[in-house]
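All values reported here derive from a predicted model rather than from experimental measurement.
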Amino acid sequence: MYKSLLLTKIMLKNGSGQWGTAKKGKIAKNALLPILLVVAFLPLMYSFGNMVSFMYDALAPVEQEGVILGMGLAMVSLIIFLFGIFYVINVFYFAQDIEHLLPLPLTPAQIVSAKFFVTLLYEYVTAFIILAPILVTYGLKSGAGPLFYVYAVLIFLSLPVIPLFIA
C-alpha cells in the first residue's frame with residue numbers, strides 16, 4: 001500500500017506541470033493557478049447554495065426536505081460517472097508512463113491502484129465543487145448538529161468510489 005501511495009504522489013507531480021518541482025521563476029505562477037481556479041468556481045458554488053436554500057424553503061412546508069439530499073447525491077454520482085469515463089481513459093490509457101513504470105520493482109496491482117487513486121483525487125475535486133455547497137446549505141437550513149457533518153464527510157469520501165469503479 002505504501003508503494004501505491006508513493007507512486008500516486010509521483011504520478012500527481014509528473015502528470016501536471018504545476019504540482020511538480022518548480023524552478024525559481026515559476027513558483028509564484030504555479031501557486032497562482034489553484035487560487036485562480038478556486039476563485040473561478042466560487043460563483044458556481046454560491047449559486048448551488050442559493051438553489052438548495054430556495055428548494056429547502058419550498059419543500060419545508062410539505063416536510064420533503066430530504067429530497068434535496070437524494071437529488072444532490074444522485075446528481076453528483078451521475079456527474080462523477082460521466083467525468084470518470086474521461087478521467088479513466090486519460091489516466092489509464094493515454095498516459096504514456098507505463099513503459100517507465102514496468103521496469104520498476106512494482107507489481108501491476110500497485111500501478112493500477114496508484115492510477116485509480118489519481119483518478120479518485122480528480123473526482124474528489126469535482127465532487128467538492130458540487131456537493132459541498134449542497135451539504136453545507138442543507139445542514140445550515142435544517143439546523144443539523146455536528147453528527148450530520150461527520151456523516152456528510154463520510155458520504156463525500158465514499159461517494160465517488162462506486163461510479164468510478166463503474167466508469
Side-chain angles (χ1 to χ4, degrees), residues 1 4-5 7-9 11-20 28-95 112-167:
M1 186 65 172
S4 294
L5 294 177
L7 185 59
T8 301
K9 180 181 170 187
M11 289 173 126
L12 285 172
K13 282 186 177 183
N14 290 336
S16 59
Q18 70 200 17
W19 303 115
K29 186 178 178 183
N30 290 342
L32 185 63
L33 184 62
I35 294 169
L36 183 64
L37 287 174
V38 167
V39 170
F41 283 115
L42 280 178
L44 178 68
M45 294 172 73
Y46 179 74
S47 66
F48 277 142
N50 279 343
M51 180 183 69
V52 170
S53 177
F54 177 74
M55 287 176 62
Y56 188 90
D57 292 337
L59 293 171
V62 291
E63 297 180 2
Q64 292 295 318
E65 306 95 356
V67 172
I68 296 170
L69 292 177
M71 286 184 0
L73 294 175
M75 179 181 64
V76 169
S77 295
L78 180 66
I79 290 171
I80 287 171
F81 174 69
L82 293 176
F83 283 172
I85 292 171
F86 298 110
Y87 286 150
V88 166
I89 290 172
N90 187 26
V91 172
F92 280 82
Y93 298 110
F94 289 147
V112 171
S113 63
K115 285 180 174 274
F116 180 77
F117 288 147
V118 168
T119 310
L120 187 63
L121 288 174
Y122 290 151
E123 291 293 350
Y124 279 142
V125 172
T126 304
F128 179 79
I129 292 170
I130 299 167
L131 193 59
I134 294 171
L135 293 174
V136 169
T137 305
Y138 182 86
L140 292 175
K141 292 291 276 189
S142 67
L147 190 61
F148 171 80
Y149 294 105
V150 171
Y151 285 148
V153 169
L154 292 175
I155 289 171
F156 172 77
L157 291 176
S158 63
L159 184 69
V161 175
I162 293 174
L164 197 56
F165 272 132
I166 295 171

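If you take CD1 on Ile80 and CD1 on Ile130, they are separated by 7.5 Å, rounding to the nearest 0.5 Å. In this structure, CZ in Phe41 is found 12.0 Å from CZ in Phe128, a value given to the nearest 0.5 Å. Atoms CG and CD1, from Asn90 and Ile85 in turn, are 13.5 Å apart once rounded to the nearest 0.5 Å. Atom CZ of Phe94 sits about 10.5 Å away from atom CZ of Phe86, to the nearest 0.5 Å. Taken to the nearest 0.5 Å, the CG atom of Leu131 stands 12.0 Å off from the OG1 atom of Thr126.
When side chains are defined from C-beta on, Val91 does not count as touching Met11, because their heavy atoms never get closer than 4.5 Å. Between Glu123 and Leu159 the shortest side-chain heavy-atom distance does not fall below 4.5 Å. Counting only heavy atoms from C-beta outward, the side chains of Leu121 and Val125 never approach each other to under 4.5 Å. When side chains are defined from C-beta on, Phe92 does not count as touching Tyr87, because their heavy atoms never get closer than 4.5 Å. Annotation: side chain of Phe116 is in contact with side chain of Leu120 (closest heavy-atom distance under 4.5 Å). Looking at heavy atoms from C-beta onward, Leu69 lies in side-chain contact with Leu135 at the 4.5 angstrom threshold.
Shown are Thr137, Ile68, Leu140; of these, the side chain to side chain contact (heavy atoms under 4.5 Å, CB included) with Tyr56 is made only by Ile68.
Nearest approach of Tyr149 to Ala144, heavy atoms of both residues: CE1-O, 4.0 Å. Heavy-atom minimum distance, Gly72 versus Ile134: CA-CD1, 4.0 Å. Of all non-hydrogen atoms in Ser4 and Ser113, the two that sit nearest each other are OG-OG, 2.8 Å.
Remark: side-chain polar atoms of Tyr124 are paired, donor with acceptor, to backbone N or O of Leu157 under 3.5 angstrom. Remark: the backbone N or O of Leu73 is paired with a side-chain donor or acceptor of Ser77 at under 3.5 angstrom.
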Please evaluate residues Glu65 and Lys141 with respect to the criterion side chain to side chain contact (heavy atoms under 4.5 Å, CB included), reporting the C-alpha separation (whole Å), side-chain torsions for both, the decisive distance (0.1 Å), and the verdict. CA-CA 10 Å; Glu65 306 95 356; Lys141 292 291 276 189; over 6 Å; no

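Classified by interplanar angle (parallel below 30°, tilted 30° to 60°, perpendicular above 60°), the ring pair Phe148/Tyr138 is tilted.
Sparse packing is recorded around CZ of Phe54, with 12 or fewer heavy atoms of other residues, nucleotides or ligands lying under 6.0 Å away.
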